[in-house]
Amino acid sequence: MATVVHDVAAVRAALGDAEAGLVPTMGALHAGHLALIRRAAAENQRTVLSVFVNPTQFFEPLDLARYPRDLDHDVTVAASAGADLVYAPPVEVVYPPGFAVTVDVARLTEAWEGASRPGHFRGVATVVSVLLNSVRPARSYFGEKDFQQLVVVRRLHRDLVLPGEIVGCPTVRDEDGLALSSRNVRLSPEARQTAVAIPRAMFAMQDAAGRGVRSIERLITIGRRALIVPGLDLDYLAVVDAGSLAAVPRLTPGARAIVAATVGGVRLIDNVELGVRR
Ligand code: AMP
């Protein structure tokens with residue numbers, strides 16, 4: 001059984017001098033989170049799961065209110081994946097009264113998710129800074145599923161010299177390809193079927209790139225075609241440089257296809273690597 005703690009002093013007391021791996025989450029754990037926990041447990045002396053539904057990264061108040069929460073379940077499954085400690089701070093521990101600091105990562109946060117959800121990455125960067133300084137992990141684990149977030153966190157970590165290293169982990173998918181997300185539970189059975197168009201578009205673009213298609217226009221057309229399904233509202237589909245997140249004019253090594261779409265009122269994102277690394 002994992003120990004559950006709610007403030008920074010208790011985290012520090014529980015960890016002592018141990019080399020810790022941190023997996024920051026908003027709870028509602030699924031197999032994607034568990035893969036991160038398993039990896040952290042394999043690479044560190046102690047594994048800390050943080051569960052904090054961060055109010056400052058939600059753009060829509062309704063999205064925050066509806067966010068699934070079940071700490072008892074999270075603690076049980078996290079422990080079975082190898083977590084020793086669950087850090088579940090209340091809002092006033094992360095943001096004490098008078099909290100006055102926000103962290104802005106310039107440029108990388110302007111487009112894509114940043115454009116659709118103003119303030120989102122300010123909330124992410126601020127809470128990640130607080131969590132990494134609270135836990136002082138040797139390694140922090142983030143999913144490629146939220147690709148822009150991973151790129152933003154890497155820059156934040158480098159520029160503010162935050163503790164430890166950042167480890168990016170591959171996206172875990174359902175059998176039909178849909179990327180696991182805590183939001184998937186809000187999809188109706190019909191919307192869940194519609195949502196499969198998203199990974200299909202990603203894999204169609206990846207296959208085409210693998211067959212040697214280099215034209216971005218053609219790749220986007222292939223992806224768009226897979227996304228033309230009733231009930232799916234496309235927000236963006238792009239091919240971006242994995243470092244700068246800028247749309248690329250031609251396929252470069254490590255380039256990523258990124259997509260966001262709303263299905264049945266639920267906003268979903270996905271991405272795959274397209275360019276072959278040399
Ligand atoms: P969240 O609780 O949604 O904020 O996610 C917490 C961490 O888990 C983030 O680093 C996410 O990128 C990662 N994550 C979420 N879904 C997946 C997935 N399907 N595969 C891998 N990592 C994921």
Side-chain angles (χ1 to χ4, degrees), residues 21-42 47-60 63-64 66-71 73-75 77-78 81-83 86-89 94 112-113 117 120-132 135 137 139-157 162 164-187 192 195-196 198-199 202-203 242 245 256 258-260 266-273:
L22 171 66
V23 180
T25 75
M26 298 205 296
L29 298 191
H30 52 62
H33 299 116
L34 299 184
L36 269 58
I37 295 170
R38 273 189 217 102
R39 171 107 181 248
T47 299
V48 185
L49 168 79
S50 66
V51 175
F52 181 63
V53 182
N54 177 30
T56 64
Q57 74 185 67
F58 284 82
F59 175 56
E60 300 271 1
D63 194 23
L64 172 63
R66 279 191 194 152
Y67 204 83
R69 294 164 206 243
D70 188 348
L71 185 61
H73 163 266
D74 291 342
V75 172
V77 297
V86 176
Y87 177 39
V94 176
W112 320 123
E113 290 307 286
R117 305 166 73 192
H120 169 69
F121 285 116
R122 183 174 305 129
V124 169
T126 304
V127 80
V128 168
S129 303
V130 173
L131 287 172
L132 265 61
V135 178
R139 292 170 202 88
S140 298
Y141 295 80
F142 290 86
E144 287 180 357
K145 149 80 171 37
D146 301 281
F147 190 72
Q148 187 174 12
Q149 171 173 283
L150 175 60
V151 174
V152 167
V153 166
R154 283 193 193 283
R155 183 65 57 87
L156 163 74
H157 173 264
L162 291 176
E165 307 169 24
I166 302 298
V167 183
C169 303
T171 301
V172 178
R173 299 175 179 279
D174 255 341
E175 275 173 16
D176 62 4
L178 184 68
L180 297 183
S181 163
S182 306
R183 290 198 167 84
N184 292 358
V185 297
R186 280 169 36 203
L187 293 167
R192 175 67 187 72
V196 186
I198 296 171
M202 293 290 95
F203 295 135
L245 298 175
R256 288 252 162 190
I258 60 170
V259 64
V266 183
R267 193 160 186 286
L268 300 172
I269 58 172
D270 201 349
N271 69 89
V272 289
E273 186 174 347

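From a predicted model like this one, the values you see are computed outputs, not experimental measurements. In listed order, ligands and their atoms are each counted from 1.
For a heavy-atom separation below 4.0 Å, the residues in contact with ligand 1 are Pro24, Thr25, Met26, His30, Gly32, His33, Leu36, Tyr67, Phe142, Gly143, Lys145, Asp146, Gln149, Pro170, Thr171, Val172, Leu180.
Distance alone, capped at 3.5 Å, places no donor-acceptor pair between the Asp74 side chain and the Met26 backbone. Remark: the backbone N or O of Ala28 is paired with a side-chain donor or acceptor of Ser182 at under 3.5 angstrom. Side chain of Asp146 to backbone of Gln149: no donor-acceptor contact under 3.5 angstrom is found.
Atom CD of Glu144 sits about 11.0 Å away from atom CG of Asp270, to the nearest 0.5 Å. Distance check: Leu156 CG to Ser129 OG gives 4.0 Å after rounding to the nearest 0.5 Å.
Taking both residues in full, the closest heavy atoms of Tyr87 and Pro89 are given as O-CD, 3.3 Å, listed atom of the first, atom of the second, then distance.
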